[in-house]
Amino acid sequence: MKQAMKQALVALALPLLLAASLYASAPADSTAAFAGDVRVDLTHVDAGKQMSRRELIRRAMRRSKARAAALSVARSGNNGRHAGKSAEEQQQPGVAVRPSGDLEYLVDLAIGTPPQPVSALLDTGSDLIWTQCAPCASCLPQPDPLFTPGASSSYEPMRCSGQLCGEILHHACQRPDTCTYRYNYGDGTTTLGVYATERFTFSSSSGERVSALLGFGCGSMNIGSLNNGSGIVGFGRNPLSLVSQMSIRRFSYCLTPYASARKSTLLFGSLTAGIYDDANGPVQTTRLLQSPHNPTFYYVPFTGVTVGTRRLRIPLSAFALSPADGSGGVIVDSGTALTLFPAAVLTEVVRAFRAQLRLPFANSSGPDDGVCFATAPMRRRGPPVPVPRMVFHFEGADLDLPRRNYILDDQRRGSLCLLLADSGDSGSTIGNFLQQDMRVLYDLEAETLSFAPADC
């Protein structure tokens, strides 16, 4: 039935896209360059839901497992393999597949003249900037009113010859000379619509407002999940992303713990000073790597794991990025909560924890709890069970993790869970649990990733 629904939506798309193209006046391309710095707030998708830390993390775990499957589809889809893809996608090798639309952090922005508010999901694992648009044949639930192109004086559909139109792997041309697009995510989320240029406005937390003309997808036919967002802002490395279109040299985020009442922050621009004002520990730096097979992702040279005082005997090949087909490798991702390892690596890490904790696996843990060990239940909160330290090793940097970034304690139920999961393939993902209360800087000029403990 899901397959039939997709085919029906595709069949309905063409007349709608033709109607949307009537908004055209003088189609433009998007080549905005950006000078300056912007500081905006990030809101977690479950913020304000009055849940315990355990409940928030369990919800994020469920999303992470879906994201893991979507990342696996994206990695295999971009290097020519079809494992896990639908029959329709296997028949269309030209359709790009990106990870899930079920993401973790929202950024508030505005689109159009006059500005219309949009809450978009931040995604370092995809490139397209898009939002749902009216009139809409098939739209997902969202917190904001649909963006209305007809109410904006700066909305212009892009011509078929526009440079960014050509960057969309699956695009078409509708009369009169209007670029249309289709963009697929690995969890089944799909957006179709007109590719256009429009004025985007970011309101900095300091009160300043910054605007830029950007290419974006105006989606009038969308299926899947937006997880309380109105669209997605891709922060990947390809030309369609916000980073590329605004020629952003550096961007940085500091993620607060899920149960915190404080918002996280996102900085982008030239970022020449003051990046580490909230840091309370040393800054460490490693290289960023790129893959021609998966050019969107931010890969890093990951070299191993220490549990307790012992560095695990995991071969470097377990984390290596294959130049032949783009398999393997380790990416840093804002949209995945758990850290994901291939099954063999995860088994070694779990074995080390079990040997040092000397605790049995918890029989009562559910599928959303991850890997859990049984402890003695406690009616009142007491000192936590001692756990081995965990250190992630990168080329040139060692990340000694705070306990809360890799352990979920549930003293009432008598369990202790690792915030790790199986990636489902040969690739690994550094998730956002591990990045909480940490200033993370992506330097796209120096091709480095830096991080420091911080009071986010």
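- With hydrogens and angles disregarded, no donor-acceptor distance shorter than 3.5 Å links the side chain of Glu167 to the backbone of Leu240.
- Distance alone, capped at 3.5 Å, is enough to place a donor-acceptor pair between the Ser64 side chain and the Ala60 backbone.
- Listed by first and then second residue, the salt bridge (Lys or Arg N to Asp or Glu O under 4.0 Å) pairs that reach into residues 211-235 come to none, sequence neighbours excluded.
- Note on ring orientation: taking the six-membered ring where Trp is involved, the planes of Phe251 and Tyr442 are parallel (angle under 30°, cut-offs 30° and 60°).
- More than 12 non-hydrogen atoms from other residues, nucleotides or ligands lie less than 6.0 angstrom from CZ of Arg262.
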(Q) Evaluate Tyr183 against Tyr185 for ring pair (Phe, Tyr, Trp, His ring centres under 6.0 Å), listing each step before the verdict. (A) CA-CA 7 Å; Tyr183 202 82; Tyr185 295 85; 5.3 Å; yes
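- Partner of Asn222 under the side-chain contact (heavy atoms from CB on, under 4.5 Å) criterion, out of Thr191, Thr189, Leu192: Thr191 alone.
- Side-chain atoms of Gln142 never come within 3.5 Å of backbone atoms of Leu226 as a donor-acceptor pair (strictly under, hydrogens ignored).
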Q: Give the intermediate values and the outcome of disulfide (SG to SG under 2.5 Å) for residues Cys218 and Cys133.
A: CA-CA 5 Å; Cys218 197; Cys133 290; 2.0 Å; yes
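- For the residue pair Thr429/Thr336, the side-chain donor-acceptor check at 3.5 Å is not satisfied.
- No hydrogens or angles considered: nothing links the side chains of Ser241 and Asp127 as a donor-acceptor pair under 3.5 Å.
- Remark: SG of Cys165 is found under 2.5 Å from SG of Cys179.
- Using a 30° and 60° split on the angle between ring planes, Tyr155 and Phe147 fall in the tilted class, from 30° to 60°.
- At a cut-off of 3.5 Å, with distance as the only test, no side-chain donor of Ser334 or Glu104 sits close to an acceptor on the other residue.
- The aromatic rings of His44 and Tyr258 lie tilted to each other, with the angle between the two planes from 30° to 60°.
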Q: Let me see the working for Phe394 and Phe451 under ring pair (Phe, Tyr, Trp, His ring centres under 6.0 Å), right down to the final yes or no.
A: CA-CA 11 Å; Phe394 303 83; Phe451 47 84; 5.7 Å; yes
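- Classification of the Phe216-Phe200 ring pair by plane angle, with boundaries at 30° and 60°, yields perpendicular.
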